[in-house]
Visitor: 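One structure coming up, written as structure tokens, with questions to follow.
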Amino acid sequence: MSGRIEVHSLGRDYRDGKQSLTVLDNVDLLIQPREFVAITGPSGSGKSTLLGLMAGLDRPTRGQIIIDGTVLTDLDEDQLSAFRGRHIGFVFQSFQLIPTLTALENVRIPAEILGDAALAARAPELLERVGLADRARHYPSQLSGGEMQRVALARASITRPSVLLADEPTGNLDAAAGKLVLDLLLETCADSTLVLVTHNTELAARAERELCMRHGRIERVLERHARPVPV
């Protein structure tokens, strides 16, 4: 497991009628293995676009993304999907749980897609780790927002990804639930590189580095020290 992320001259444009809108503009970035990085900035600054590109959920207009020595931008869709399944976990703000599956079944999905029975067998342990062993047979509609996000976290970590990316993982939660989710992120993904997009300044302050974005660029970088532990 490594988790090194390199971003070189990354740009992303979108078409708006006859005009081109630049959302990311020549971004360069290096994130070391097991580093905890927060990306902050106003709405429309390019935070989520950058995260989605690093996850391989979208394609850049120009530039390169390299994770653990693999150039994501050189992969075709099948290769990219296979790489993402093994190396990248993603936590969405809106949870993205499948409503017709139980919490346990939702957690198993990434491992089952890989056809890895040993990883799938970790699902009960992960639910227990996030405090939801007694909710394993509940459906998303029977869970609170905080519980759904904890299921989503367990799902994202089941394949032991070297990189875990989280887009506003506490954005739909109250302060207490948000703190619990972040603590669980740091605990569950202690061996992963963690990149978190957030508007929450308290959460960002717990990162080793905070990348402040504006107008599609990294405007400044706030350096901190050791990776924090849950408090």
Side-chain angles (χ1 to χ4, degrees), residues 1 3 34-39 51 55 84-114 116-208 226-231:
M1 178 178 289
R34 300 186 71 252
E35 189 176 5
F36 174 22
V37 173
I39 305 176
L51 200 73
R84 189 168 53 233
R86 281 289 179 188
H87 297 271
I88 300 172
F90 200 96
V91 179
F92 298 88
Q93 178 179 356
S94 54
F95 319 131
Q96 298 289 333
L97 301 181
I98 297 176
T100 56
L101 299 182
T102 65
L104 184 63
E105 291 167 338
N106 267 284
V107 173
R108 284 180 180 147
I109 288 172
E112 291 179 340
I113 290 174
L114 292 176
D116 193 321
L119 288 177
R122 299 182 65 228
E125 169 201 337
L126 287 169
L127 276 180
E128 182 174 4
R129 192 180 300 179
V130 299
L132 293 176
D134 61 339
R135 311 288 271 171
R137 298 187 181 277
H138 287 67
Y139 291 91
S141 62
Q142 299 171 307
L143 303 174
S144 69
E147 288 171 335
M148 285 192 284
Q149 194 60 293
R150 285 148 63 191
V151 172
L153 169 58
R155 178 184 60 188
S157 59
I158 193 168
T159 60
R160 295 189 174 97
S162 58
V163 172
L164 193 138
L165 309 173
D167 191 5
E168 293 283 2
T170 64
N172 289 331
L173 309 179
D174 61 32
K179 180 183 179 304
L180 175 59
V181 165
L182 181 61
D183 285 346
L184 289 169
L185 272 170
L186 293 172
E187 177 185 340
T188 307
C189 306
D191 293 326
S192 301
T193 301
L194 176 59
V195 184
L196 171 75
V197 163
T198 184
H199 281 102
N200 188 312
T201 55
E202 292 182 8
L203 299 187
R206 296 180 63 182
E208 293 170 86
R227 182 169 184 154
V229 295
V231 294

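Just so you know, residue 1 is the first one in the sequence shown, and it goes up from there.
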Visitor: Distance-only criterion, 3.5 Å: show the donor-acceptor pairs between side-chain atoms of residues 93-102 and protein atoms not counting sequence neighbours.
Guide:
unit_1 : atom_1 : unit_2 : atom_2 : d
Gln93  : NE2    : Asn172 : OD1    : 3.3
Ser94  : OG     : Gln96  : NE2    : 3.1
Thr102 : OG1    : Glu105 : N      : 3.2
Thr102 : OG1    : Glu105 : OE1    : 3.3

Visitor: What's the separation between atom CG in Leu194 and atom CD in Glu35, rounded to the nearest 0.5 Å?
Guide: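 So the gap between those two atoms works out to 10.5 Å.
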Visitor: Do Val151 and Met148 make a side-chain contact, defined as non-hydrogen atoms from C-beta onward lying under 4.5 Å apart?
Guide: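 No, too far: nothing below the 4.5 Å cut-off.
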Visitor: Ion pair present between Asp116 and Arg86, side-chain N to carboxylate O less than 4.0 angstrom?
Guide: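 A salt bridge links Asp116 with Arg86.
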Visitor: State, with a plain yes or no, whether a side-chain heavy atom of Phe90 is found less than 4.5 Å away from one of Leu165.
Guide: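 Result yes, sub-4.5 Å side-chain heavy-atom pair found.
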Visitor: State the CG-CG distance between Leu132 and Leu126, to the nearest 0.5 angstrom.
Guide: 11.0 Å
Visitor: Using 0.5 Å steps for rounding, measure from the NZ atom of Lys179 to the CG atom of Leu184.
Guide: 9.5 Å
Visitor: Kindly write out the residues that satisfy side-chain hydrogen bond (donor to acceptor under 3.5 Å, both in side chains) with Arg135, not counting sequence neighbours, or none if the list is empty.
Guide: His138, Glu147
Visitor: Ignoring hydrogens, what is the shortest heavy-atom contact between Gly85 and Leu114? Give both atom names and the distance.
Guide: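 That closest heavy-atom pairing would be O-CD1, 3.5 Å.
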Visitor: Answer whether the closest heavy-atom distance between the side chains of Leu153 and Pro169 falls below 4.5 Å.
Guide: no
Visitor: Minimum heavy-atom separation for Gly89 and Pro161, please, with both atom names.
Guide: N-CB, 3.5 Å
Visitor: Mind checking what makes ring pair (Phe, Tyr, Trp, His ring centres under 6.0 Å) contact with Tyr139, not counting sequence neighbours?
Guide: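 With neighbours one apart ignored, the set is empty.
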Visitor: To the nearest 0.5 Å, tell me how far Leu119 CG sits from Ser157 OG.
Guide: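 The CG atom of Leu119 sits 11.0 Å away from the OG atom of Ser157.
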Visitor: I'd like to check the side chain to side chain contact (heavy atoms under 4.5 Å, CB included) partners of Ala120; sequence neighbours left out, ordered by chain and number.
Guide: Ala111, Glu112
Visitor: Heavy-atom distance under 4.5 Å between the side chains of Leu185 and Gln149, does that happen here?
Guide: no
Visitor: Which heavy atom of Gly3 sits nearest to which heavy atom of Val163, and what is that distance?
Guide: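 Minimum heavy-atom separation between Gly3 and Val163: CA-CG2, 3.8 Å.
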Visitor: Give me the atom names and distance for the closest heavy-atom approach of Ala156 to Leu164.
Guide: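 Closest approach of Ala156 to Leu164, heavy atoms only: CB-CD1, 4.0 Å.
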Visitor: Where do Arg155 and Phe92 come nearest, in terms of heavy atoms and distance?
Guide: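 Reported closest heavy-atom pair: NH2-CD1, 4.5 Å.
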Visitor: Please list, chain by chain and in numerical order, all residues satisfying side chain to side chain contact (heavy atoms under 4.5 Å, CB included) with Ala136, sequence neighbours excluded.
Guide: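 Expected list: Leu104, Leu127.
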Visitor: Please enumerate all residues that pass side chain to side chain contact (heavy atoms under 4.5 Å, CB included) together with Asn200, with sequence neighbours excluded.
Guide: Thr198, Glu202, Leu203
Visitor: Do Glu128 side-chain atoms and Ala123 backbone N/O form a donor-acceptor pair below 3.5 Å?
Guide: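 A pair under 3.5 Å: no.
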